[in-house]
Amino acid sequence: MAKKQFKAESKRLLDLMINSIYTHQEIFLREIISNASDAIDKLAYQALTDEKVGLSREDFAIDLRADKKLGILTVSDNGIGMDKEEMESNLGTIARSGSLQFKQGLEKTDDVDIIGQFGVGFYSAFMVADTVTVISKKYGSDEAWQWQSSGADGYTITPCEKTTVGTDVIMKLKADTDDEQYSRFLEQYQLQALVKKYSDYIRYPIRMEMEKSRVKAGTEDKETPEYETYTELTTLNSMVPLWQRNKKDVKPEEYDAFYKDKFYDYEAPLSSLHFSVEGAVDYKALLYIPAKAPYDYYTKDYKKGLQLYSSGVLIMDKCEDLVPEHFRFVRGVVDTQDLSLNISREMLQHNRQLTLIESNLEKKIKTELMRMQKDEREKYEKFFEAFGRQLKYGVVSDYGAHKELLQDLLMFWSSAQGKLITLKEYVEAMPEGQKHIYYATGENRDRLSQLPQTERLKQKGYDILYMTEDVDEFIPRTLNTYLEKEFRNISTDDLDLATEEEKKAEEETTKQWQPTLDFVKQTLGDQVKSVVISTELGSHPVCLVPEGGMSFEMVKYFRKMNPDTPIPDEKTMQLNPEHPAVQALRDHMDGDKAKAETYAKVLYAQGLILADLPIENASDYTDLVCGLMQ
Ligand code: ADP
């Protein structure tokens, strides 16, 4: 029989498994049992709506059989089973999310130690077995199939006999060491301990015929009672899922282990939330806030959702309606008895109870995040680094419908404090006399700190929030105000710093400078919309500001998004009357007119540089400057 070859990436994983170190090996049992449980979940769900299945929850079980003589361990389930095609595609390639994630993890590190931290799936059987045989009969089919492989050299699929629906995974175990003929995974107490350790919460009985001993009947009263051995089908796991247990009996490590196993993450979550709610709907929930965004998080491949259980049956693996979009990073489980079991997955959509649970969970998540922000700042910063962008999208989405909920969770870079702060912290630190929340948008903080306006505000002791992510610019526009303070973009908005007297003085200055302003405008032509005087430029001679309220950053952003739509970016040129360069320009106007023109052009170019805009003709600019130097 010709062997089929594994796909290349499966082969790599397989090699890793075959050569795995001793201490990792035991997790194979958890993986095989977890697959069995998933397969039962599928048939149990089908049984809810399909009478022909003829099984109810109590009928499902996972059976372990250890045959010491043959060195074989078998894990059997009466779940949904696999047909030939499924065997081919599920066992011949890495299809599953867990293995994929594992593979990606491996690409990042060469540390094989992470095997122990992943849900590595079916292939983990090869850590302990030299031959793995899978015999399966799919529900609804009358054929059974056998998949067999002895590792990297490929696998075979052949028809076979099997009376009942479900799957047997038959592992011919390797000896523990070269000297021994024996695998520790055939020992019943070892198996029992492993089930307890890794699979205790599996919701179906994991059973095994266990050899036990008892006092022989009739010998109880003897001085030395006689013992006899017998076997008994024993359920090894307690079958109580973690979320059904009492919170105070669950150790933090157990929450973490459950998360890693169930959601294929190798990093522990930042926070886990376990609670039970009674009211309009009764439910239990176990929610997690991951430490890192999955690699596909900000793409459309990422599917949000929580696992939904009803009366112990998994109804849906990713029920989207349970988490709002802005908290789509939350993973977890919701278990409620209040859903009709016969409900179809389609009908679940927009179900009233689910909506109630969702809004309830939303509050809980917010409360937990606020708690973290207050009590565990470092953790919160880590969270914000991973999912802050999600929260910002949440603020601006749906026309700002969620801004009240989310605004306190936001953080921005404080130029004064050199770290991320919340809006509340900004407002609380405002010195007397500061009327607005000042912010600057741009690609990086260094640039922003060089803006002329920045200097002016710093002189006054006012902090500026630096916003460097593309979505940031929309936040102040959506919020409008925070704690009744208006947002002011320091490069486009009126900073509103001048007193009445200062304003009068400025009008006066403008009048005096009018001829110079006209001259500069004439020299620069359409490059600028207008030229004005500003007393807010600190030590800088010039500043270019956009006309019409849209910042240059936003113009850049929109141009990138819609390259075909013309977006105007007219500029106003502000000149600092106190600056010697500007005064020199004025003084040359009547004498050396050509020099005054050069000054105007150079000042304009400097304005472009300061605003992080490209110089339209760099060689002209160089000529200008060199001309001045000669
Ligand atoms: P995962 O379980 O994460 O999907 P595995 O590599 O462990 O990944 O298994 C691959 C696939 O093989 C499973 O998704 C499932 O479709 C199928 N499979 C494995 N074991 C069983 C089983 N006992 N019964 C039915 N299908 C199974």
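Worth saying up front: this structure is predicted, and the values here are computed from it rather than measured. Residue numbers run from 1 in the order of the sequence given. For ligands, and for the atoms within them, numbers begin at 1 and follow the listed sequence.
Counting heavy atoms only, D77 comes closest to atom 23 (N) of ligand 1 of the residues D77, V75, D168. Closest heavy-atom approach to atom 16 (O) of ligand 1 within the set L91, N90, I62: this belongs to N90. When I80, T167, N35, I33 are checked for heavy-atom proximity to atom 19 (C) of ligand 1, N35 turns out nearest.
Donor-acceptor pairing under 3.5 Å is recorded for the side chains of E58 and S56.
H274 places a side-chain N or O within donor-acceptor distance of the main-chain N or O of W243, the cut-off being under 3.5 Å.
Of the residues E85, E143, E86, the one that meets the salt bridge (Lys or Arg N to Asp or Glu O under 4.0 Å) test with K138 is E86.
At least one heavy atom of Y264 sits less than 4.0 Å from an atom of ligand 1. Contact annotation: E31 has no heavy atom less than 4.0 Å from any atom of ligand 1.
When only interatomic distances are considered, the shortest N/O to N/O separation between A39 and ligand 1 does not fall below 3.5 Å.
Ring pair Y255/Y288: centre-to-centre distance not below 6.0 Å.
Considering only residues two or more places apart in sequence or on other chains, T74 meets the side-chain contact (heavy atoms from CB on, under 4.5 Å) condition with R65, I72, S76, D168, I170. By the side-chain contact (heavy atoms from CB on, under 4.5 Å) test, K52 pairs with D50, Y139, sequence neighbours left out.
Counting heavy atoms under 4.0 Å from ligand 1, residue Y139 does not touch it at all.
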